[in-house]
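In what follows, a structure is listed as structure tokens, so that the remarks can point back to it.
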Number of protein chains: 2
Amino acid sequence: MSEGDKPLSTTPSSAKRADARRNERALLDAAASVFVTDGVDAPVRRIAAAAGVGMGTIYRHFPTRADLVVAVYRHQVDTCAEAGPTLLATAASPFAALRQWVDLFVDFLATKHGLAAAMRNDPDGFSALHALFIERLVPALADILGAARETGEVTADITPYQLIRAIGDICAGGERVDPEYDARLTIRLLLDGCRS
Amino acid sequence: MSEGDKPLSTTPSSAKRADARRNERALLDAAASVFVTDGVDAPVRRIAAAAGVGMGTIYRHFPTRADLVVAVYRHQVDTCAEAGPTLLATAASPFAALRQWVDLFVDFLATKHGLAAAMRNDPDGFSALHALFIERLVPALADILGAARETGEVTADITPYQLIRAIGDICAGGERVDPEYDARLTIRLLLDGCRS
DNA sequence: GAATATATGGAGCGCCGTTCCGCTTGGCAA
DNA sequence: TTGCCAAGCGGAACGGCGCTCCATATATTC
């Protein structure tokens with residue numbers, strides 16, 4: 001069609017249109033609310049309806065479900081990651097800080113029905129979320145784990161990535177309410193297993 | 001319709017028709033083969049096609065997917081459960097037997113792509129499989145765990161159910177190939193955490 | 001006010017699980 | 001051997017899903 005030689009006299013596409021920004025915000029708010037009630041597996045249609053937009057709009061702003069999930073939870077993930085140094089400074093020992101930080105992470109997962117499971121079920125689709133975790137959480141845990149290893153509290157040869165994934169998997173299984181099963185107990189035992 | 005006073009001269013309905021039995025066998029074989037290649041989440045249509053039967057037939061014999069899965073794996077589950085006493089008798093110690101039995105269970109799960117995940121994702125749908133596990137595997141593990149506790153090798157206050165579920169969850173997460181992650185290492189640490 | 005890139009919405013497609021019912025067939029009685 | 005009929009069968013059909021596509025509407029610029 002076009003020869004594509006149009007000069008760029010208009011504002012370079014860096015600024016989005018006002019309605020586009022408004023819809024993106026509406027989508028984020030709606031998704032956050034729907035995720036709480038219906039879980040992160042909520043039908044795309046429902047999220048679009050809650051935001052009062054059409055299917056096309058949601059896919060334009062968030063090509064994959066993971067993009068939406070990442071956008072919604074990025075702030076909370078950051079908060080969790082940033083708590084690492086603080087805990088390390090205030091806790092009685094690095095291992096205590098490790099326990100507290102893991103608690104924080106578990107709390108985060110616990111309020112996100114199906115998040116951990118969804119990530120596991122569709123790792124490719126949620127690769128962006130996976131990347132966010134690697135990028136923010138793994139380094140935070142690495143610091144704490146390293147400190148605990150320096151004091152000799154942790155001797156097991158486990159990587160931060162392995163540990164955080166194990167915790168995620170265990171939480172994924174514990175999301176379902178079951179009085180017989182307590183994911184936190186399993187995690188406590190796992191942490192104990194990391195000691196000598 | 002009928003008044004129900006028909007005398008029972010015919011064979012009581014306990015015996016199924018020959019073609020029905022043939023189809024059930026064909027479905028079991030087809031499902032076992034499809035599960036290996038496509039995972040336990042394989043579309044129902046595909047299984048029906050592989051068995052050369054229609055949709056109605058598969059639902060007639062196995063009203064839920066879990067019924068089919070249970071039928072396919074029951075034998076392997078039994079084998080795993082029955083290995084418990086043998087291991088306990090031959091292993092160097094109850095804790096060693098525990099490790100070996102858990103290895104067996106992990107092997108079983110490892111060859112069933114998506115089994116553990118499927119059970120977690122749809123616990124209601126797979127309640128029959130869940131029941132099979134509780135019925136066969138929990139007692140087997142309980143014996144080993146009890147023996148290990150008697151010798152003082154295991155001190156943690158964990159129930160057999162909790163332990164087997166934790167292992168299942170960890171395997172569910174480790175099913176995806178990922179050179180960075182080794183589910184067996186996590187499980188080893190967890191077992192270590194069960195010791196003093 | 002006109003022009004145009006940008007953004008929108010929802011119909012439509014393909015895949016899924018599951019149901020339902022008209023047709024087929026195995027097995028028994030006569 | 002034949003006729004009968006309940007047990008068994010197949011697959012069309014339905015509703016719900018994720019995702020795409022493009023005619024239409026709108027914000028923005030000149």
Side-chain angles (χ1 to χ4, degrees), chain A residues 1-28 30-31 34-35 38-69 114 118 121-122 124-126, chain B residues 1-27 30-31 34 38-69 114 118 121-122 124-126:
Chain A
M1 316 262 179
S2 69
E3 294 297 329
D5 54 352
K6 180 76 175 295
L8 31 76
S9 60
T10 66
T11 54
S13 58
S14 63
K16 294 166 78 164
R17 252 169 56 170
D19 56 344
R21 242 168 315 164
R22 203 180 330 124
N23 276 330
E24 185 168 330
R25 188 16 68 72
L27 239 11
L28 282 174
V34 171
F35 284 170
D38 295 23
V40 290
D41 287 327
V44 178
R45 273 178 240 266
R46 190 188 304 277
I47 298 169
V53 306
M55 300 292 304
T57 303
I58 197 169
Y59 278 101
R60 163 173 300 269
H61 289 288
F62 305 100
T64 75
R65 177 191 297 273
D67 293 325
L68 183 54
V69 175
N121 301 340
D122 180 16
D124 295 328
F126 280 86
Chain B
M1 311 281 175
S2 70
E3 295 297 330
D5 53 351
K6 180 77 173 293
L8 32 76
S9 58
T10 68
T11 53
S13 61
S14 62
K16 294 167 78 165
R17 248 168 59 171
D19 54 345
R21 242 170 316 161
R22 204 182 326 127
N23 276 329
E24 186 170 330
R25 189 13 68 77
L27 273 171
V34 170
D38 295 22
V40 289
D41 287 327
V44 178
R45 270 179 243 269
R46 190 186 304 278
I47 299 169
V53 305
M55 300 294 304
T57 303
I58 197 168
Y59 278 100
R60 163 175 300 272
H61 289 287
F62 305 100
T64 75
R65 179 191 297 275
D67 293 326
L68 183 54
V69 175
N121 299 341
D122 180 15
D124 295 328
F126 281 85

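Nothing here was measured: the structure is a model prediction, and the numbers come from that model. So you know, we letter chains A, B, ... as the sequences are listed, proteins then strands, and number each from 1.
- A sub-4.0 Å separation between OP1 or OP2 of C:dA7 and a side-chain N or O of A:His61 is absent.
- Judged by atom type and distance alone, A:Arg17 does not reach the base of C:dA7 through any side-chain donor-acceptor pair under 3.5 Å.
- Within the structure, the salt bridge (charged side-chain N to carboxylate O under 4.0 Å, His left out) test picks out the following pairs touching residues 46-65 of chain B (sequence neighbours left out): B:Asp38-B:Arg46.
- Using a 4.0 Å cut-off, no side-chain N or O of A:Thr57 falls inside it from OP1 or OP2 of C:dA7.
- With rounding to the nearest 0.5 Å, the separation of CG in A:Leu27 from CD1 in A:Ile58 is 4.5 Å.
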Give every pair of a protein N or O atom and an N or O atom of nucleotides 15-17 of chain D that lie under 3.5 Å apart, one pair per line with the distance.
none

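- Considering only the side chain of A:Met55, C:dA11 comes nearest among D:dC9, C:dA11, D:dA12.
- Taking all atoms of both residues into account, the shortest heavy-atom contact from B:Gly54 to B:Ala48 is O-CB, 4.1 Å.
- Counting to the nearest Å, the C1' atom of D:dA6 and the NZ atom of B:Lys16 are 16 Å from each other.
- Note that CZ of A:Arg17 is 9.5 Å distant from CZ of A:Arg22, once rounded to the nearest 0.5 Å.
- Here the C1' atom of nucleotide C:dC16 and the CD1 atom of B:Ile58 are 14 Å apart, to the nearest Å.
- One can place CG of B:Leu27 at 13 Å from C1' of D:dG8, the figure rounded to the nearest angstrom.
- Between the side chain of B:Asp67 and the backbone N or O of B:Thr64, at least one donor-acceptor pair lies under 3.5 Å.
- Between B:Arg60 and A:Arg60, the residue anchored closer to the 5' end of DNA chain C is A:Arg60, taking for each the nucleotide with the nearest heavy atom.
- Here the straight-line distance linking atom CG of B:Asp19 with atom CD of B:Glu24 works out to 11.5 Å at 0.5 Å rounding.
- For the pair B:Asp19 CG and D:dA6 P, the computed distance is 17 Å after rounding to whole Å.
- Nearest to the side-chain atoms of A:Tyr59 among the listed nucleotides D:dC9, D:dC19, C:dT19 stands D:dC19.
- For C:dA7, the OP1/OP2 oxygens have no side-chain nitrogen or oxygen of A:Asn23 closer than 4.0 Å.
- Atom pair A:Phe62:CZ and C:dT8:C1' shows a separation of 15 Å (rounding to whole Å applied).
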- Derivation and outcome, side chain to side chain contact (heavy atoms under 4.5 Å, CB included), residues A:Phe35 and A:Ile47: CA-CA 9 Å; A:Phe35 284 170; A:Ile47 298 169; 3.8 Å; yes
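- Taking atom CZ of residue B:Arg21 and atom P of nucleotide C:dT25, one finds them 18 Å apart after rounding to whole Å.
- In this structure, CZ of B:Arg22 is placed 11 Å from P of C:dT25, rounded to the nearest angstrom.
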